[in-house]
Amino acid sequence: MSLFRNMAQWVFFLALLFAPWAYGGTTTWSIRILDWLMLGVLSLWLVDLAICRRLPGWPRLLLLLVFALLVAGGWMVLNAGAILDSDFGVFVALPKLVRAAPGSVDYAVSADFMIRAGLLLGVVLFVFDLSQDNNALLRLCYAIGAVAGSFALLGLLQKATGAPMIFWQAPPEGGPVTTFFGTFFYHANAGAFLNLVLPLTAGLALRSFTAPTGPNVRATWAAVFALTLASVAANTSRVAQLTGVLILLALCWQLGPSLLRRLSRTERKMALSGGAAVLFTMLALAQAIRLNEPLTRWGQLSEHLPNDARWQAARVALSILPDAGALGFGPGSFRILFPVYNNLPEHRVPGGWRFLHDDYLQTVLEWGWVGSLLWMLLFFGGIGVAIHNLRKPEARTWSPRRRLILPLAAIALGGVAFHALVDFPLQIASIQLYAATFLGICWGSHSWKGEDKTQAAE
């Protein structure tokens with residue numbers, strides 16, 4: 001492996017570690033640093049491609065979607081019609097390249113968003129290439145698993161100690177905050193991140209018992225999975241917990257038969273005993289990690305659901321929809337656009353709305369019908385490619401790690417897609433990075449080749 005390729009991988013692992021721990025990429029400074037890390041990864045990778053004079057075998061559809069998204073978003077930036085003066089709260093008109101053509105309502109916001117979008121699309125292409133290396137793919141999964149375990153442990157410790165705020169943050173003057181978890185200020189985003197990494201931790205735990213590994217390795221990955229699962233349960237976001245239950249059902253359907261086939265009768269008994277021990281341990285720790293809090297919130301669902309302001313915000317967004325057109329109001333423009341429409345007397349949803357609690361509707365407003373279709377083809381097309389390739393006869397010749405990891409990546413993406421129906425996980429930089437990583441794995445399966453028995457040995 002070349003020096004630049006190796007450096008690109010390690011900088012990428014650093015980005016995966018930094019993203020959730022730096023407040024989930026929800027602050028201005030953390031997003032900027034994450035952008036620089038992604039730029040560093042892509043720069044090192046492009047140097048490697050140039051030195052080695054090679055091109056990964058990207059499918060034409062993937063390249064077409066990436067190019068079309070960059071063109072659509074880039075045009076909205078170049079043809080922007082205004083920029084918001086935040087000091088005076090007024091829009092300053094800008095000269096448009098083509099007056100009759102659509103352009104962003106705010107040049108600065110859309111330009112900033114397109115920088116991140118371009119980097120994330122580059123990450124998809126990078127991970128596509130990375131996934132062609134069997135060992136690099138496993139190292140990537142180990143890195144994600146390590147981040148998942150450390151993040152989950154922090155969240156559980158905060159719950160167990162009754163922390164009024166993130167450990168290194170000063171508690172607010174008004175009293176303890178109830179909507180944070182781990183390093184995220186909003187528990188639903190933390191839950192979405194945990195659900196994204198949960199399938200992979202389950203896969204690593206399973207692999208540690210079905211591959212020739214030592215007891216310390218098995219204990220480590222079993223603990224990581226147990227911590228992640230406990231964190232999903234302890235998180236007070238209802239939609240995140242519901243998504244977690246659906247993911248667990250998918251994992252049982254996907255991994256259960258394989259586990260039963262590969263384990264001997266004695267190992268099955270040991271696995272059942274271990275599962276029971278984990279369950280009893282979680283029940284014993286229920287009070288410590290305050291599992292009564294999410295249960296209490298579920299009991300309040302019928303009271304809170306009809307009065308949830310997100311439904312009022314969705315009605316305002318639907319009223320804006322006819323004006324979105326083919327290319328929308330511009331990438332990232334929702335936080336600029338929504339207050340303008342929300343000032344109308346018939347709307348007036350209380351509170352500030354940086355994101356809409358519906359990623360799909362927000363995407364249509366920002367990218368229009370054409371841009372939204374392109375994003376859906378990229379996202380759900382990646383899941384479809386993974387499912388299609390798993391069903392091909394050639395998949396039987398893949399290494400066991402690839403046959404294990406690919407469906408887990410698809411399940412993780414399916415979970416965040418469900419969560420995005422009533423929240424905004426795909427607007428958060430850290431979750432965007434992990435989703436792009438799993439998309440790269442899914443699209444990368446397009447070029448996976450069979451391996452002989454010596455190469456496929458685990």
Side-chain angles (χ1 to χ4, degrees), residues 9 13 16-17 20 130-131 133-154 156 193-233 244 247-282 285 390 395-396 398-412 415 434 437-438 441 448 451 453-458:
Q9 288 185 25
F13 297 161
L16 291 173
L17 172 65
L130 184 70
S131 70
D133 184 331
N134 214 10
N135 293 324
L137 179 62
L138 187 59
R139 286 195 294 270
L140 172 62
C141 294
Y142 282 154
I144 294 175
V147 174
S150 61
F151 177 84
L153 179 60
L154 173 66
L156 292 176
F193 174 77
L194 288 167
N195 284 327
L196 255 180
V197 296
L198 177 63
L200 197 57
T201 62
L204 290 173
L206 173 62
R207 182 181 181 276
S208 69
F209 282 92
T210 56
T213 57
N216 292 335
V217 174
R218 295 182 179 185
T220 297
W221 290 118
V224 167
F225 172 63
L227 286 171
T228 309
L229 183 59
S231 294
V232 173
I247 288 175
L248 280 177
L249 293 175
L251 289 174
C252 290
W253 176 76
Q254 174 64 35
L255 301 180
S258 174
L259 181 63
L260 292 175
R261 285 196 304 268
R262 299 181 68 172
L263 294 181
S264 66
R265 180 177 299 180
T266 302
E267 289 174 326
R268 292 178 192 175
K269 292 180 179 179
M270 292 176 61
L272 289 174
S273 300
V278 170
L279 179 60
F280 282 119
T281 302
M282 290 182 63
L285 291 174
L390 279 168
R396 298 175 183 175
W398 292 348
S399 65
R401 66 185 65 169
R402 283 180 169 173
R403 294 198 303 270
L404 174 67
I405 293 169
L406 184 58
L408 300 179
I411 290 172
Y434 276 73
T437 300
F438 289 129
I441 294 174
W448 288 358
E451 302 178 4
K453 293 182 179 180
T454 58
Q455 291 176 314
E458 293 294 316

So how far is it from [X] [atom1] to [Y] [atom2], rounded to the nearest 0.5 Å?
X: F225; Y: L206; atom1: CZ; atom2: CG; result: 10.0 Å
X: L390; Y: W448; atom1: CG; atom2: CH2; result: 8.0 Å
X: L255; Y: R207; atom1: CG; atom2: CZ; result: 13.5 Å
X: I411; Y: I247; atom1: CD1; atom2: CD1; result: 8.0 Å
X: N134; Y: S399; atom1: CG; atom2: OG; result: 3.5 Å
X: L227; Y: L154; atom1: CG; atom2: CG; result: 11.5 Å

Please report the shortest heavy-atom distance between [X] and [Y], naming the atom on each side.
X: S231; Y: L194; result: CB-CD1, 3.7 Å
X: V232; Y: G244; result: CG1-CA, 4.2 Å
X: G203; Y: L404; result: O-CD2, 3.4 Å
X: A202; Y: L251; result: CB-CD1, 3.9 Å

Are [X] and [Y] close enough that some pair of their side-chain heavy atoms sits under 4.5 Å apart?
X: L204; Y: I144; answer: no
X: I441; Y: L140; answer: yes
X: L229; Y: T201; answer: no

Among residues at least two apart in sequence or on other chains, which ones pass side chain to side chain contact (heavy atoms under 4.5 Å, CB included) with N135?
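Per chain and number, N135 pairs via side chain to side chain contact (heavy atoms under 4.5 Å, CB included) with D133, R139, R401.
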Does A395 offer a backbone N or O that forms a donor-acceptor pair with the side chain of R402 under 3.5 Å?
no
Atom pairs and distances, side-chain donor-acceptor, residues 146-153, under 3.5 Å, sequence neighbours left out:
{"unit_1": "S150", "atom_1": "OG", "unit_2": "W21", "atom_2": "NE1", "d": "3.3"}
{"unit_1": "S150", "atom_1": "OG", "unit_2": "A146", "atom_2": "O", "d": "3.2"}
{"unit_1": "S150", "atom_1": "OG", "unit_2": "V147", "atom_2": "O", "d": "2.9"}

Describe, in one word, how the ring planes of W221 and Y142 are oriented to each other, choosing from parallel (under 30°), tilted (30 to 60°) and perpendicular (over 60°).
parallel
